[in-house]
Protein chains: 2
Amino acid sequence: MTVGDNSGMQRNTRQRAAILETLSRQDDFRSAQQIHEQMKADGETVGLATVYRNLQVLSRSDRLDVLVAGDGEALYRQCEDTGHHHHLVCRECGRTVEFLAPKLENAMTAIAHEHGFTDVDHTLEVFGLCSDHAEGGVETR
Amino acid sequence: MTVGDNSGMQRNTRQRAAILETLSRQDDFRSAQQIHEQMKADGETVGLATVYRNLQVLSRSDRLDVLVAGDGEALYRQCEDTGHHHHLVCRECGRTVEFLAPKLENAMTAIAHEHGFTDVDHTLEVFGLCSDHAEGGVETR
DNA sequence: CTGCTCGTGAGAATGATTGTCATGACGCTC
DNA sequence: GAGCGTCATGACAATCATTCTCACGAGCAG
Ligand SMILES: [Mn+2]
Ligand SMILES: [Mn+2]
Ligand SMILES: [Zn+2]
Ligand SMILES: [Zn+2]
């Protein structure tokens, strides 16, 4: 407990590497099961529980982003920006754009402080239709 | 099918009234099961499935607010403001403050448009510690 | 190399939510 | 107020994502 305490360290396993590799080839949010399916299709042999565990560990260490879908399912994505940021997600195809919004951050914090809240945190996701899936089509109104 | 078409109408049932009454006495977000427990404790006899169904119906018609917790559980609350608004929730006690933020709304929409997204929507919740649960050294109770 | 641990995998278990379906309650009509 | 078509309800089963269990094998420090 005193010397060589490697608590917090993670071992390098073939499975984790494979999961990260798979994620690096995806550009939208995917569920643990979808990722597992993908890996199986690619010939990787990794247990489903292992996928779940690694996704959790990786998201906890901010190497992955998590998005809780409307039905409560957790979706994961490897983001380019490693810092705090938000997402603009297409409801139709899942296409995702990362964005920073310092003004929003400050405004939210300010509102919280006005109400006496401290240690502020937040969840913010924006959904819409990307240019490829713009609605209406013929409805030239 | 032609006359007296009451599609979209809801019947007035003792169960729904009881659920709304129970919600009106709560001021923080509660899960379907918690609400069901509360009702049972109050001597109400309502099936769990009925509680789930009514909470869904009521939230779909904007008579209730839903908040998907980090673990995916759906939490419900009867809000004072019936229009679009957001929440400031205490992580410790669940105390909730509703707030409007037109500037944030516009900023988010603008960002989405800049990236070619339309039909924009969003989820935004702010968490923190309320004044009664402020963290820190001064734990002078 | 050797051993101590931690990560893994297969399957069982959990737990919130939803589906099933017979029965009862609502709100109209007359 | 009685009759009726429908929808809501409730008990319970079923679903399904996620977590747990635990024997086993693979990292890695010494
Ligand atoms: Mn933010
Ligand atoms: Mn908003
Ligand atoms: Zn799209
Ligand atoms: Zn509080």
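Since the model is a prediction, treat every value here as computed from it, not as a measurement. Order of the sequence lines sets the chain letters (A, B, ...), proteins ahead of strands, with each chain counted from 1.
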Just the rounded figure in Å: distance from [atom2] of [N] to [atom1] of [X].
X: A:M39; N: C:dG9; atom1: CE; atom2: C1'; value: 13 Å
X: B:Q34; N: C:dA16; atom1: CD; atom2: C1'; value: 12 Å
X: B:L20; N: D:dA8; atom1: CG; atom2: P; value: 15 Å
X: B:H36; N: C:dA16; atom1: NE2; atom2: C1'; value: 14 Å

Residues which pass side-chain hydrogen bond (donor to acceptor under 3.5 Å, both in side chains) with A:E21, listed by chain and number, not counting sequence neighbours: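 A:E21 satisfies side-chain hydrogen bond (donor to acceptor under 3.5 Å, both in side chains) with A:R25 only.
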Excluding sequence neighbours, so at least two apart, what forms salt bridge (Lys or Arg N to Asp or Glu O under 4.0 Å) with [X]?
X: A:E105; result: none
X: A:R30; result: A:D28
X: A:K103; result: none

Donor-acceptor under 3.5 Å (B:R16 side chain, B:L58 main chain): no
Side chain proximity check, B:H86 to A:M108, heavy atoms < 4.5 angstrom: no
Taking the side chain as every heavy atom from C-beta outward, state whether B:D42 and B:E37 have any pair of such atoms under 4.5 Å apart.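 Answer no - side chains too far apart.
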Show every salt bridge (Lys or Arg N to Asp or Glu O under 4.0 Å) that has at least one partner inside residues 87-98 of chain A, sequence neighbours left out. A:R77-A:E98, A:R91-B:D119
Enumerate all atom pairs, one protein N or O and one N or O from nucleotides 18-21 of chain D, separated by less than 3.5 Å.
unit_1: D:dT18; atom_1: OP1; unit_2: A:A74; atom_2: N; d: 3.0
unit_1: D:dT18; atom_1: OP2; unit_2: A:Y52; atom_2: OH; d: 2.8
unit_1: D:dT19; atom_1: OP1; unit_2: A:Q56; atom_2: OE1; d: 3.1
unit_1: D:dT19; atom_1: OP2; unit_2: A:Q56; atom_2: OE1; d: 2.5

Partner of B:L55 by side chain to side chain contact (heavy atoms under 4.5 Å, CB included), out of B:V66, B:L23, B:T50: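 Between B:L55 and the candidates, side chain to side chain contact (heavy atoms under 4.5 Å, CB included) is satisfied uniquely by B:L23.
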Parallel, tilted or perpendicular: which one describes the rings of B:H122 and B:H84, with boundaries at 30° and 60°?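 Perpendicular.
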Can you list the residues that meet the ring-ring contact (aromatic ring centres under 6.0 Å, His included) rule with [X], with sequence neighbours excluded?
X: B:H133; result: none
X: B:F29; result: B:H87
X: B:H36; result: none

Taking five pairs at each end, how big is the angle between the two axes of the helix from C:dC1-D:dG30 to C:dC30-D:dG1, to 10°? 40°
Answer with base, sugar-phosphate or nothing: what part of the nucleic acid does B:D71 contact at a heavy-atom distance below 4.0 Å?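 Answer is nothing: B:D71 stays at 4.0 Å or more from every strand.
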Below 3.5 Å is the cut-off: list the nitrogen or oxygen pairs between protein and nucleotides 26-28 of chain C, distance only.
unit_1: C:dG27; atom_1: OP1; unit_2: B:N12; atom_2: N; d: 3.0
unit_1: C:dG27; atom_1: OP1; unit_2: B:N12; atom_2: ND2; d: 3.2

Going by number, which of residues 40-47 of chain A have a non-hydrogen atom under 4.0 Å from DNA chain D? none
